[in-house]
Engineer: 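The following block contains the structure, expressed as structure tokens.
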Amino acid sequence: RKEVEQDPGPFNVPEGATVAFNCTYSNSASQSFFWYRQDCRKEPKLLMSVYSSGNEDGRFTAQLNRASQYISLLIRDSKLSDSATYLCVVGGSQGNLIFGKGTKLSVKP
Amino acid sequence: DVKVTQSSRYLVKRTGEKVFLECVQDMDHENMFWYRQDPGLGLRLIYFSYDVKMKEKGDIPEGYSVSREKKERFSLILESASTNQTSMYLCASRDTQGLKNTIYFGEGSWLTVV
């Protein structure tokens with residue numbers, strides 16, 4: 001099993017749609033979880049941290065399921081500007097951060 | 001705001017040349033990283049450093065070395081560039097204060113080896 005695994009997509013959705021991404025991780029000792037956003041030919045930028053109780057930031061909701069070792073990101077009311085690649089990031093047991101390969105989202109008018 | 005600066009954004013080098021990629025962060029972070037990103041392969045860790053003069057190999061250190069003489073500066077060195085090192089290189093530093101553990105990236109250095 002890969003350390004951090006994501007569906008590469010692309011997810012093609014119309015504006016206003018709700019879209020969900022999942023990510024699974026292999027190390028049950030992982031303690032920190034994040035979603036990063038990366039625009040084409042740009043650096044990744046932190047979108048949000050993921051907390052055990054789940055957390056929301058505007059149209060974005062992140063959830064963590066430790067028992068099943070997966071993280072999710074829900075985007076409501078998609079905007080054209082949400083088009084990007086979303087990277088799932090998990091804190092490793094040695095203090096490093098492990099990146100998924102990303103899920104590409106394309107929001108169409 | 002955290003600032004991670006990669007001084008060279010776009011470089012073209014010849015096979016066999018020595019290449020230096022410089023990275024500076026202004027937030028007094030102890031942890032710094034070098035990644036490369038290639039289509040279909042995602043981000044791969046080359047080297048990281050937990051403190052001045054300390055370095056640890058990442059997943060793909062072969063063909064690379066690093067230098068951390070000052071806390072704010074982490075340099076990636078390609079001793080003899082090869083065409084398979086054509087890639088985007090991302091430097092990052094990490095805020096480990098409290099529960100943040102957040103990583104911040106520079107804008108990337110696009111290296112082409114011909």
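Convention: sequence-line order gives letters A, B, ...; per-chain numbering from 1. Here the structure is a predicted model, which means the values were calculated and not measured.
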Engineer: With B/E22 as reference, evaluate B/S7, B/S8, B/S67, B/S75 under the side-chain hydrogen bond (donor to acceptor under 3.5 Å, both in side chains) test and give the passing residue.
Structural biologist: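 So the option named by the test is B/S75.
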
Engineer: Please say which of B/I60, B/I77, B/V66 ends up in a side chain to side chain contact (heavy atoms under 4.5 Å, CB included) with B/Y47.
Structural biologist: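 Single side chain to side chain contact (heavy atoms under 4.5 Å, CB included) partner of B/Y47 among B/I60, B/I77, B/V66: B/V66.
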
Engineer: I'd like to know whether the aromatic ring centres of A/F99 and B/Y35 sit less than 6.0 Å apart in this structure.
Structural biologist: yes

Engineer: In this structure, is the centre-to-centre distance between the rings of A/F11 and A/F21 below 6.0 Å?
Structural biologist: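 Judged by ring-centre distance (under 6.0 Å), A/F21 and A/F11 do meet the cut-off.
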
Engineer: With ring-ring contact (aromatic ring centres under 6.0 Å, His included) as the test, would you mind laying out the steps for B/F33 and B/F105 before giving the verdict?
Structural biologist: CA-CA 9 Å; B/F33 307 82; B/F105 287 91; 8.5 Å; no

Engineer: So which part of A/Q38 gets closer than 4.5 Å to some heavy atom of chain B, the side chain, the backbone, both or neither?
Structural biologist: side chain

Engineer: So what's closer than 4.5 Å to chain A heavy atoms on B/L90: side chain, backbone, both or neither?
Structural biologist: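 Looking at B/L90, just its side chain touches chain A.
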
Engineer: Pick one: which of A/R37, A/K42, A/R41 meets side-chain hydrogen bond (donor to acceptor under 3.5 Å, both in side chains) with A/D39?
Structural biologist: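 That would be A/R37; it is the only one of A/R37, A/K42, A/R41 passing the side-chain hydrogen bond (donor to acceptor under 3.5 Å, both in side chains) with A/D39.
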
Engineer: Report, in residue-number order, which members of residues 51-59 of chain B are under 4.5 Å from chain A by heavy-atom distance.
Structural biologist: none

Engineer: Using only heavy-atom distances, determine whether the side chains of A/N22 and A/S72 contain a donor-acceptor pair under 3.5 Å.
Structural biologist: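 A/N22 vs A/S72: no donor-acceptor pair found between side chains.
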
